[in-house]
2 protein chains.
Amino acid sequence: MNMKIGTLASHTGLSIQAIRYYEQQELVPTPGRSSGNYRIYDETSVKHLVFIKHCRNLGLSLEEIKALLRVRTKPDETCSEINHIIDHHVAVVDRRLTELQELRQQLGALRTKCGENQAAKDCGILRELFEITSP
Amino acid sequence: MNMKIGTLASHTGLSIQAIRYYEQQELVPTPGRSSGNYRIYDETSVKHLVFIKHCRNLGLSLEEIKALLRVRTKPDETCSEINHIIDHHVAVVDRRLTELQELRQQLGALRTKCGENQAAKDCGILRELFEITSP
DNA sequence: ATTGACTCTCTAGCGACTATAGGGTTTATG
DNA sequence: CATAAACCCTATAGTCGCTAGAGAGTCAAT
Ligand SMILES: [Zn+2]
Ligand SMILES: [Zn+2]
Ligand SMILES: [Zn+2]
Ligand SMILES: [Zn+2]
């Protein structure tokens with residue numbers, strides 16, 4: 001049942017340093033220690049960290065995850081903050097998507113300016129980068 | 001013709017600190033100094049920094065920009081490295097786009113799990129985040 | 001002479017870790 | 001039982017591309 005940090009790391013797929021970092025940032029409760037000062041975890045710790053990992057995979061920041069975890073400890077309050085966080089995050093992702101799509105298009109256009117191996121002084125990409133004034 | 005760093009900053013739209021940072025990272029040549037130890041720039045500096053700014057707007061890293069600038073100083077070599085950099089960068093952007101699109105879809109699906117303000121213990125979002133095991 | 005606007009260097013901070021150094025602990029093997 | 005391998009500890013520095021600040025110096029105008 002009990003395990004040390006290495007086992008927890010392989011059970012969760014997180015790195016040992018990441019787990020210690022989450023502890024320092026107060027996303028996970030301070031674990032107990034063995035006689036040799038090793039951190040001791042159990043199955044609850046695994047679930048807790050898998051929750052965090054899943055949120056990180058969705059791109060949530062540690063502060064956002066912290067807020068979700070806080071709400072989880074107050075099961076009788078409303079979950080409006082949760083909806084708020086997800087909605088905000090969706091908006092951020094949408095904005096970033098739009099930016100990246102524009103970028104992609106500009107890069108594609110730029111790439112067509114050079115056929116293959118020309119002399120650098122004749123390279124259409126360099127010319128374009130040097131001449132274009134603003135996006 | 002000559003100008004100090006503040007003027008250069010407003011001519012290029014970059015911050016003063018960014019310009020000094022580019023100098024430190026050797027993306028721009030060490031500028032001359034006035035008697036009072038102020039950096040002195042000219043029109044060439046403006047073009048140089050606008051080039052950098054344009055590349056940054058395309059998401060290129062400072063190292064990539066450094067490589068482009070190096071090629072520009074060797075006008076008789078081939079521009080194959082330039083194509084290489086752009087191609088690599090397009091690939092990075094494409095990968096990131098795919099990731100973000102998946103993320104967006106997962107977030108959208110997650111958001112539908114909660115109607116509006118329920119009690120936190122009944123919130124479908126929290127439940128989903130806690131139960132889903134892997135992406 | 002004193003303000004104010006500008007500039008200088010140096011340092012710390014952001015986010016979310018990773019990597020290293022220099023130790024201590026536990027476990028397995030001979 | 002001794003030793004080596006594997007594991008763990010803390011503390012610190014580094015990543016990237018800047019931003020923000022402290023504390024000092026310079027230059028123009030009033
Ligand atoms: Zn967010
Ligand atoms: Zn070319
Ligand atoms: Zn790139
Ligand atoms: Zn809810």
Side-chain angles (χ1 to χ4, degrees), chain A residues 2-28 30-42 45 49-69 85 88-89 92-93 96 99 103, chain B residues 2-28 30-42 45 49-69 85 88-89 92-93 96 99 103:
Chain A
N2 281 358
M3 61 186 99
K4 289 177 282 184
I5 200 168
T7 312
L8 180 61
S10 55
H11 276 40
T12 59
L14 294 164
S15 75
I16 291 176
Q17 298 100 307
I19 294 172
R20 289 199 281 240
Y21 180 69
Y22 294 158
E23 178 186 336
Q24 189 200 321
Q25 299 300 304
E26 304 184 326
L27 273 95
V28 290
T30 317
R33 297 285 180 133
S34 73
S35 59
N37 198 32
Y38 287 8
R39 289 170 177 81
I40 301 296
Y41 301 96
D42 58 16
S45 320
L49 280 164
V50 167
F51 177 92
I52 294 174
K53 190 188 180 189
H54 187 57
C55 293
R56 289 292 299 135
N57 285 342
L58 291 172
L60 294 168
S61 72
L62 295 193
E63 275 309 313
E64 286 168 333
I65 298 171
K66 224 163 161 177
L68 294 182
L69 288 167
I85 290 172
H88 159 84
H89 196 68
V92 169
V93 169
R96 187 78 188 112
E99 286 170 9
L103 219 75
Chain B
N2 281 358
M3 61 187 101
K4 288 178 283 184
I5 199 168
T7 311
L8 180 61
S10 55
H11 276 39
T12 58
L14 293 164
S15 75
I16 291 177
Q17 297 100 306
I19 295 171
R20 289 199 281 239
Y21 181 68
Y22 294 157
E23 178 186 337
Q24 189 200 322
Q25 299 300 305
E26 304 185 324
L27 274 96
V28 290
T30 317
R33 298 285 180 133
S34 73
S35 60
N37 199 32
Y38 287 6
R39 288 170 178 83
I40 301 296
Y41 300 97
D42 59 16
S45 321
L49 281 164
V50 166
F51 177 92
I52 294 175
K53 190 189 180 190
H54 188 58
C55 292
R56 289 292 300 136
N57 285 341
L58 291 172
L60 295 168
S61 71
L62 296 192
E63 274 310 312
E64 287 167 332
I65 298 172
K66 224 163 160 177
L68 294 182
L69 287 166
I85 290 172
H88 159 85
H89 196 66
V92 169
V93 170
R96 186 79 189 113
E99 286 171 8
L103 219 76

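Chain naming here is simple, since letters A, B, ... match the order of the sequence lines and numbering starts at 1 in each.
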Examine [N]: is either OP1 or OP2 under 4.0 Å from a nitrogen or oxygen in the side chain of [X]? Give yes or no.
X       : N      : answer
A:Thr7  : D:dC7  : no
B:Ser61 : D:dC16 : no
B:Arg20 : C:dT9  : no
B:Arg33 : D:dT26 : no
B:Arg39 : C:dC6  : no
B:Tyr22 : D:dC18 : yes

Can you check whether A:Leu60's main-chain N or O pairs, donor with acceptor, with A:Arg56's side chain at less than 3.5 Å?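 Pair found, side chain donor or acceptor close to backbone of A:Leu60.
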Under-3.5 Å donor-acceptor pair between A:Tyr21 side chain and C:dG15 base: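 In this structure, the two groups form no donor-acceptor pair.
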Presence of donor-acceptor pair under 3.5 Å, side chain of A:Tyr38 and base of C:dT26: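 No such pair is found, so the answer is no.
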Could you check whether A:Arg96 pairs with A:Glu99 (Lys NZ or Arg NE/NH1/NH2 to Asp/Glu carboxylate O, under 4.0 Å)?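 Judged by the 4.0 Å cut-off on N to carboxylate O distance, A:Arg96 and A:Glu99 do form a salt bridge.
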Side chain of A:Ser35 (C-beta onward), nearest among D:dC9, C:dT26, D:dC18: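 Taking heavy atoms from C-beta onward, the closest nucleotide is C:dT26.
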How is A:Ser34 classified with respect to the nucleic acid when contacts are heavy atoms under 4.0 Å: base, sugar-phosphate, or nothing?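 Counting heavy atoms under 4.0 Å across all strands, no contact is made by A:Ser34.
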Minimum heavy-atom distance A:Lys4-A:Tyr41, with the two atoms named: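 For A:Lys4 versus A:Tyr41, the nearest heavy atoms are C-CD1, 4.2 Å.
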